[in-house]
Protein chains: 2
Amino acid sequence: MAGSTATQSGESLLFLTDEQLRKGIEAMFFAYRAFTADPDRILENYEYGRAHHRAIHFINRQPGLTVNTLLAMLGVTKQSLNRVLRTLVEDGLVEARVGRRDKRERNLFLTEAGAALERELSDAQRARMRAAYRAAGPSAVAGFRQVLEAMMDPDLRRYYQSMKDSAP
Amino acid sequence: MAGSTATQSGESLLFLTDEQLRKGIEAMFFAYRAFTADPDRILENYEYGRAHHRAIHFINRQPGLTVNTLLAMLGVTKQSLNRVLRTLVEDGLVEARVGRRDKRERNLFLTEAGAALERELSDAQRARMRAAYRAAGPSAVAGFRQVLEAMMDPDLRRYYQSMKDSAP
DNA sequence: GATTTTATGTCAGCTATGTTGACTTTCCAA
DNA sequence: TTGGAAAGTCAACATAGCTGACATAAAATC
């Protein structure tokens, strides 16, 4: 409630003033908008939206994942995801295979066409990310990742950390 | 198109593999979701949405700003913003004063009630940001800000940099 | 074997927030 | 004095969230 500048933390306090925190909030807002701008532009050509991009992204990251797993990562309702998934399957970008062990489950995979769109979207997004990383430098990148990680919901942080981090 | 791991950059290349970039992309996605979660929860109680929050945030940051300026920062159409602004004015959270010099313009201000909601939303969001900053440490915070800044649209970066950064 | 739980899909309807297009009012400035 | 910028409004639409209700199949449990 109060100024919240002064705390008992042992760390340097310079980064915890309200103004600093507000700047961080704005930085997130502006950067996130730029971050989604390129894919959004591409998606228009296909009459898809951000929701399709997110589904495609995670199916690519973890081929064969189940609908429930994807649901947990996206944090939307199954009805909302289903609408997206259905169009992707109909359009031949995603394949939903009945689970081998548990036949109630659907394992999701990108088709060749799906992988191609994933590449197009991700190329654009990675290009911007790469430019930002270059401009900021390696040690800034490490800090960037640390702060984002600390900000995440713990469950998703666990997933995030479990993903491999460097090319094999 | 190709692996895009190898470049001619003089910097350390370790941060520019596709995997590293993809992790950065996911980090943005997950962190942004967490970043908006607290305000979203609060806004439900008032029957407002994220769009209202954004308007309130920027009006608080720059009291008296014009509708056009706000439009540029939010990156939406005036019709979309107008709907939000109208409800905020009707509900007595925002005051739109006719411009002194140019009477076509409307200068936007938060009322006491608007400032109170701003504080509630921003307290929650800053609390999360503060926790993440503390967990990551001061030098990580600097890097975080540098990368986000590099990612922004240049016009918004200019605005962003022009805002004061430390408590006066 | 019967029952319950789980995973998924689907229908209907609602809301928030974005869009475009057309139009009006106000009013500054050339 | 008139052209055009700034602001506001109305209508119609799309996307992507949401809730609730219900269906089906398969697994798990009793």
Side-chain angles (χ1 to χ4, degrees), chain A residues 29 32-33 36-37 39-59 64-91 94-109, chain B residues 29 32-33 36-37 39-59 64-91 94-109:
Chain A
F29 174 64
Y32 195 79
R33 200 131 58 78
T36 55
D40 283 355
R41 218 170 298 120
I42 293 169
L43 288 159
E44 273 179 20
N45 306 328
Y46 297 89
E47 308 208 297
Y48 289 141
R50 230 176 260 185
H52 299 85
H53 181 191
R54 296 199 280 254
I56 288 173
H57 170 90
F58 286 109
I59 295 172
L65 88 177
T66 65
V67 173
N68 247 358
T69 305
L70 183 53
L71 231 32
M73 296 196 296
L74 296 178
V76 298
T77 60
K78 64 172 180 170
Q79 293 93 328
S80 198
L81 174 58
N82 192 255
R83 182 165 36 193
V84 164
L85 232 33
R86 189 171 25 185
T87 70
L88 291 174
V89 169
E90 279 170 3
D91 296 352
V94 166
E95 192 187 350
R97 293 185 208 149
V98 171
R100 278 186 315 140
R101 290 182 336 195
D102 187 334
K103 293 179 191 164
R104 290 170 304 180
E105 293 182 345
R106 298 289 178 276
N107 296 113
L108 303 170
F109 299 88
Chain B
F29 174 65
Y32 195 78
R33 200 130 60 79
T36 55
D40 283 356
R41 218 170 300 118
I42 293 168
L43 287 158
E44 273 178 21
N45 305 329
Y46 297 90
E47 309 207 296
Y48 289 141
R50 229 176 261 185
H52 299 85
H53 182 191
R54 295 199 281 254
I56 287 173
H57 170 91
F58 285 110
I59 295 172
L65 88 177
T66 66
V67 172
N68 245 1
T69 304
L70 183 53
L71 232 30
M73 296 196 296
L74 296 177
V76 299
T77 59
K78 64 173 178 171
Q79 291 91 330
S80 198
L81 174 58
N82 194 255
R83 181 166 36 197
V84 165
L85 234 33
R86 190 172 25 188
T87 70
L88 291 174
V89 169
E90 279 170 2
D91 295 352
V94 166
E95 191 187 350
R97 292 186 207 148
V98 172
R100 277 186 315 139
R101 289 183 338 197
D102 185 335
K103 294 179 190 164
R104 292 167 303 181
E105 293 181 345
R106 298 290 178 275
N107 295 112
L108 304 169
F109 299 87

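Reminder, nothing fancy here: chain letters follow the sequence lines and each chain counts from 1.
Rounded to whole Å, atom C1' of C:dT10 lies 7 Å from atom CZ of A:R86. When rounded to the nearest whole Å, the span between OH of A:Y46 and P of D:dT15 equals 17 Å. Atom CG of A:D40 and atom C1' of D:dA16 are 13 Å apart (whole Å). Atom pair B:L88:CG and D:dG8:P shows a separation of 13 Å (rounding to whole Å applied). If you measure from atom CG of B:L65 to atom P of D:dA7, you get 10 Å, rounded to the nearest angstrom. Atom C1' of nucleotide D:dT15 and atom CG of A:L81 are separated by 15 Å, given to the nearest angstrom. Atom pair B:K103:NZ and D:dA7:P shows a separation of 16 Å (rounding to whole Å applied). Distance, A:N82 CG to C:dA7 P: 16 Å, rounded to whole Å.
The nucleotide whose nearest atom lies closest to any side-chain atom of A:N68 is, among C:dT19, C:dA7, C:dT10, C:dA7. Which of D:dA26, C:dT17, D:dA7 sits closest to the side chain of B:R106 comes down to D:dA7.
Comparing B:H52 and B:R100 against DNA chain C, the residue whose closest nucleotide sits nearer the 5' end is B:H52. Of the two residues contacting DNA chain D, namely A:E47 and A:D102, the nearest-nucleotide position lying further toward the 5' end is that of A:E47. Both B:A51 and A:T66 lie close to DNA chain C; mapped to their nearest nucleotides by heavy-atom distance, the more 5′-ward contact belongs to A:T66.
Below the 3.5 angstrom threshold, one finds no donor paired with an acceptor across the side chain of A:R104 and the base of C:dG9. A donor N or O paired with an acceptor N or O is not found under 3.5 Å between the base of C:dG13 and the side-chain atoms of A:Q79. Side-chain atoms of B:R83 stay outside donor-acceptor range of the base of D:dG8, with no qualifying N/O pair under 3.5 Å. A donor-acceptor contact under 3.5 angstrom links the side-chain atoms of A:K78 to the base of C:dT8.
Ring orientation note: the planes of B:F29 and A:F58 are tilted relative to one another, at an angle of 30° to 60°. Taking the six-membered ring where tryptophan is involved, the planes of A:H53 and A:H57 are perpendicular, since the angle between them exceeds 60° and thus also 30°.
OP1 or OP2 of D:dC18 has at least one side-chain nitrogen or oxygen of A:T77 nearer than 4.0 Å. An OP1 or OP2 oxygen of D:dT15 is reached within less than 4.0 angstrom by no side-chain nitrogen or oxygen of A:R54.
Side chains of B:D91 and B:Y48: a donor on one and an acceptor on the other come within 3.5 Å. When only modelled atom types and interatomic distance are considered, B:T69 and B:T66 share a side-chain donor-acceptor pair under 3.5 Å.
When all heavy atoms are compared, the tightest approach of B:G49 to B:L43 is O-CD1, 3.5 Å.
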